[in-house]
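Scroll down for the structure; my scribbles are underneath it.
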Amino acid sequence: EEWNDLCSVMGNPTWAMKDKVLTPTKRKTHEAELDTYLKKWTSKQTVEEIVKLLQEVGISSGVVQNAEDLSNDPQLLARDFFAELKHPTLGTTKTDKNPIKFTGTKQESLRASPLLGEANHYVFQELLGLSEDDVHSYRKKGIIA
């Protein structure tokens with residue numbers, strides 16, 4: 001059924017009516033040739049246009065997005081999904097916020113990822129109780145950064 005709907009959306013091209021593509025098994029056997037035809041059809045439209053056409057006839061479809069696509073997605077931008085963070089070596093970076101939002105609650109504060117060894121003093125001395133001499137010795141031996 002979806003094959004027929006796809007053919008209809010594409011304008012029922014003659015190649016789609018050939019016996020060698022009429023069944024799923026035959027389409028799999030001639031996959032490379034079929035891909036060539038589909039690439040030719042899809043290259044004439046944007047991904048969003050194709051998804052809209054397919055969804056209008058009931059074919060499940062969606063845009064496969066990379067990180068750059070996601071960071072410019074109108075829906076995510078409208079929902080204030082991203083936060084800009086300042087990183088000491090990377091500069092300004094984007095990260096995603098928690099998508100769950102409750103009325104009257106404040107979003108958690110976000111910060112850029114730490115530099116290597118940035119929390120060493122806190123972890124080794126405050127949490128673990130190591131002396132400054134122990135930390136220095138471990139650094140010298142290459143055990144910690």
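None of these values were measured; they are calculated from a predicted model.
Residues meeting the salt bridge (charged side-chain N to carboxylate O under 4.0 Å, His left out) test with Asp35, sequence neighbours left out: none. The salt bridge (charged side-chain N to carboxylate O under 4.0 Å, His left out) check on Lys26 picks up Asp19, with sequence neighbours excluded. The side-chain contact (heavy atoms from CB on, under 4.5 Å) check on Lys106 picks up nothing, with sequence neighbours excluded. Applying the side-chain contact (heavy atoms from CB on, under 4.5 Å) rule to Thr46 yields the partners Glu48, Glu49; only residues at least two apart in sequence or on another chain are considered. In this structure Asn98 satisfies the side-chain contact (heavy atoms from CB on, under 4.5 Å) test together with Ile100, Gln107, Glu108, sequence neighbours excluded. Lys18 meets the side chain to side chain donor-acceptor pair (under 3.5 Å) test with no other residue; sequence neighbours excluded.
Following chains of ILVMFWY side-chain contacts shorter than 4.5 Å, one can reach Leu127 starting from Ile143, so the two form part of one hydrophobic cluster. Hydrophobic clustering keeps Ile50 apart from Val64 (ILVMFWY residues linked when any side-chain heavy atoms are closer than 4.5 Å, directly or through intermediates).
The distance from the CD atom of Glu31 to the OG1 atom of Thr36 is 10.5 Å, given to the nearest 0.5 Å. Leu22 contributes atom CG, which lies 8.5 Å from atom SG of Cys7 (distance to the nearest 0.5 angstrom). Here the CD1-CG distance, from Ile59 to Asp5, works out to 5.0 Å after rounding to the nearest 0.5 Å. The structure places NZ of Lys40 at 12.5 Å from CE of Met10, a figure rounded to the nearest 0.5 Å. Rounded to the nearest 0.5 Å, atoms CG (Leu6) and CG (Leu53) are 10.5 Å apart.
The list of ring-ring contact (aromatic ring centres under 6.0 Å, His included) pairs with a residue in residues 6-55, not counting sequence neighbours, reads Trp15-Tyr37. For residues 54-63, the set of pairs meeting the side-chain hydrogen bond (donor to acceptor under 3.5 Å, both in side chains) definition, not counting sequence neighbours, comprises Lys52-Glu56. Within the structure, no pair that satisfies the salt bridge (charged side-chain N to carboxylate O under 4.0 Å, His left out) test touches residues 127-140, not counting sequence neighbours.
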Exercise. For Lys20 and Glu33, run side chain to side chain contact (heavy atoms under 4.5 Å, CB included): C-alpha distance rounded to whole Å, both residues' side-chain angles, the deciding distance at 0.1 Å, then the answer.
Key: CA-CA 10 Å; Lys20 63 182 172 181; Glu33 182 180 351; 2.9 Å; yes
Could you tabulate the donor-acceptor pairs under 3.5 Å formed by side-chain atoms of residues 75-86, not counting sequence neighbours?
residue, atom, partner, partner atom, Å
Asp80, OD1, Lys97, NZ, 3.3
Asp80, OD2, Lys97, NZ, 2.8
Lys86, NZ, Thr92, OG1, 3.1

Solution key, residues 112-124 side-chain donor-acceptor pairs under 3.5 Å, sequence neighbours excluded:
residue, atom, partner, partner atom, Å
Glu118, OE1, Leu115, N, 2.8
Asn120, ND2, Ala145, O, 2.6
His121, ND1, Gln125, OE1, 2.7

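Cluster partners of Val63 are Val47, Val51, counting Ile, Leu, Val, Met, Phe, Trp and Tyr whose side-chain heavy atoms approach within less than 4.5 Å, directly or via other members.
Side chain of Thr105 to main chain of Lys101: no donor-acceptor pair is present (N/O by atom type, distance under 3.5 Å, no hydrogens or angles). No donor-acceptor distance shorter than 3.5 angstrom exists from the side chain of Ser8 to the backbone of Asn4, with no hydrogens or angles considered. In this structure, Asp69 contributes its side chain and Asn66 its backbone to a donor-acceptor pair below 3.5 Å.
With a 6.0 Å radius and a threshold of 12 heavy atoms from other residues, nucleotides or ligands, His87 has its NE2 atom above the threshold. Under a cut-off of 6.0 angstrom, the local environment of CD in Glu126 is crowded, with over 12 non-hydrogen atoms contributed by other residues, nucleotides or ligands.
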